[in-house]
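Working notes, structure below.
Chain letters run A, B, ... following the sequence lines, proteins first, then strands; residues in each count from 1. Since we're looking at a predicted model, the values are computed, not measured.
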Amino acid sequence: MLTLAFMRHAFIASAFIAVVSGIIGVFVVARQLSFLTHTLSEIGFAGASFAVFAGWPALDGMILFTMLSSVLVGQMSIKESRREAVISAVSALFIGLGILFLSLSSQTASSATSILFGSVVGISINEVHQLIVLSIVVLLITLAIYRQLKFSSFDPIGARVVGINETLISVIFLLLLALSVSVAAQIVGSLLIFILLTLPAASAKYFTHGVAKMVVLAILFSLLGTWLGLLLGYLTNWPVSFFIAVIEVVIYVVALIYQNYFVEAN
Amino acid sequence: MAVISVEDLNVAYGNHQVITDLSFTVNEGDFMVVIGENGVGKTTLVRALLGLLKPRSGEIDIPANTKIGYVPQFRNIDEEYPLSIRDFVSLNSGKGIIPWLNKRERARVDRMIRMTDLTAIADRPLGLASGGEKQRAYLAQALLQSPQLLILDESTASLDNEMKYELLDLVTRFQQDNLSVMFITHDWDLARHFGTRFLQMKPNGYNEGPINELPEHEEEE
Ligand SMILES: Nc1ncnc2c1ncn2[C@@H]1O[C@H](COP(=O)(O)OP(=O)(O)OP(=O)(O)O)[C@@H](O)[C@H]1O
Ligand SMILES: [Mg+2]
């Protein structure tokens, strides 16, 4: 299987994506930004459709749309009371736009499926390089602000007291999130982004109480899902995203059971 | 030597004046209790001292290199809070660019956990700790960078009487290393027991002095 170039590309690309989603996911969960991740994936869908319409690579359109909107949407929805209304409005607008761009472009059906559900097996070597570069950028920036990001995500009140610039950290993180959403969409599609960006981290939280260990576990969980998903997809010819979704959900359910029956019992 | 000196401080939210012409000094080694009714501006004063709030006028003089540790009045730590006590304390290990803690930083976290009697439960999630254990963890985090001044905003409010005294006994143990304390409270007995000086805040003025000059507490209706 690994003698096939396209499978090799898929495995390499998804390894990087798993690492990015694992580490970013831990902070998405800590900062309670799952809802925003969802909105960003819909914005990404509109961006990718726009790219198809304009004749660009889908990834470029996604990055453009998500980066431009992430900070704005993040700031708009900080007030919890407004969150739901903001999500609904923004999602509706961008899904609508996505549908419009797709219907205006000539190659609707197949590009729509790959945007929505992912197309990792069809990935080219150039796209693999692009994904790797983007992943490395996200990882380097994350590591550079890691301590401040950790403090402000897990104890925002304490972080402000020691003079961490919460606004700056939050803006940087939203941009990193936008990039991660665009990157992750390349495997699981924009419809299933939270499967890599929130589920593995949410599961990791139940097994350990340290940030570094959560990051490691979340990376392992997303790696397990993507690689096993690719393998099963290759063997059965069923969609890879389907397997990734099932694997991550199973891990999450196991985590919940572990928490409820083994941790709380003693 | 003064750790903080405040002169003619005025603080307002919009046009709601909260602090008017306040002056006081906290000297090295002081245990200053700040006492006053709800809403009189105690937390507002602390936020101004920490630079989280810009005063309308007046001066706050804090010598360069003075670090302040602060245990806030409210913190959003619920049962689901995922971090262990050790990881929570170590969050305050500085803003360095190296993601992991070095040997010295880890040793400092361990030492602080030991000094706040948290060693036995350091790896348990903070969310499941008792009220008193939580307060000790907050204290450990605030003291991790060895501040010269520690500000406690009603840190004893949720504790039973015995625990209140235990927590403050612990705080005074740290005063052997020249730690000054500003302790905000509604508890007059506690104030008299631990304070060396007091600052009484009232809606229409202030009172400051050594603790034996703290007036009798009149119950307000
Ligand atoms: N962010 C804010 N915006 C506007 N007004 C505020 C704000 N925070 C506090 N206030 C007002 O300032 C006054 C002082 O509040 P502060 O929290 O400093 O009181 P406090 O002395 O700490 O009270 P407590 O004992 O209840 O903690 C109150 O009237 C309060 O309503
Ligand atoms: Mg207060």
Problem - Inter- and intrachain pairs under salt bridge (charged side-chain N to carboxylate O under 4.0 Å, His left out), touching residues 162-185 of chain A, at least two apart - result: Arg31(A)-Glu166(A)
Practice task
Would you name the heavy atoms of Phe151(A) and Gln141(B) that are closest together and state the gap between them?
Solution key: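 It is CE2-NE2, 3.5 Å.
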Name, in order of residue number, those residues of [range] that have a heavy atom at a distance of less than 4.5 Å from a heavy atom in chain A; otherwise write 'none'.
range: residues 4-21 of chain B; result: none
range: residues 158-167 of chain B; result: none
range: residues 59-97 of chain B; result: Tyr70(B), Pro72(B), Phe74(B), Arg75(B), Asn76(B), Tyr81(B), Pro82(B), Leu83(B), Ser84(B), Asp87(B), Phe88(B), Leu91(B), Asn92(B), Ser93(B), Gly94(B), Lys95(B), Gly96(B), Ile97(B)

Practice task
Would you confirm whether Arg160(A), through its side chain, and Leu52(B), through its main-chain N or O, come within 3.5 Å as a donor-acceptor pair?
Solution key: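 The answer is no, because no donor-acceptor pair under 3.5 Å joins these two groups.
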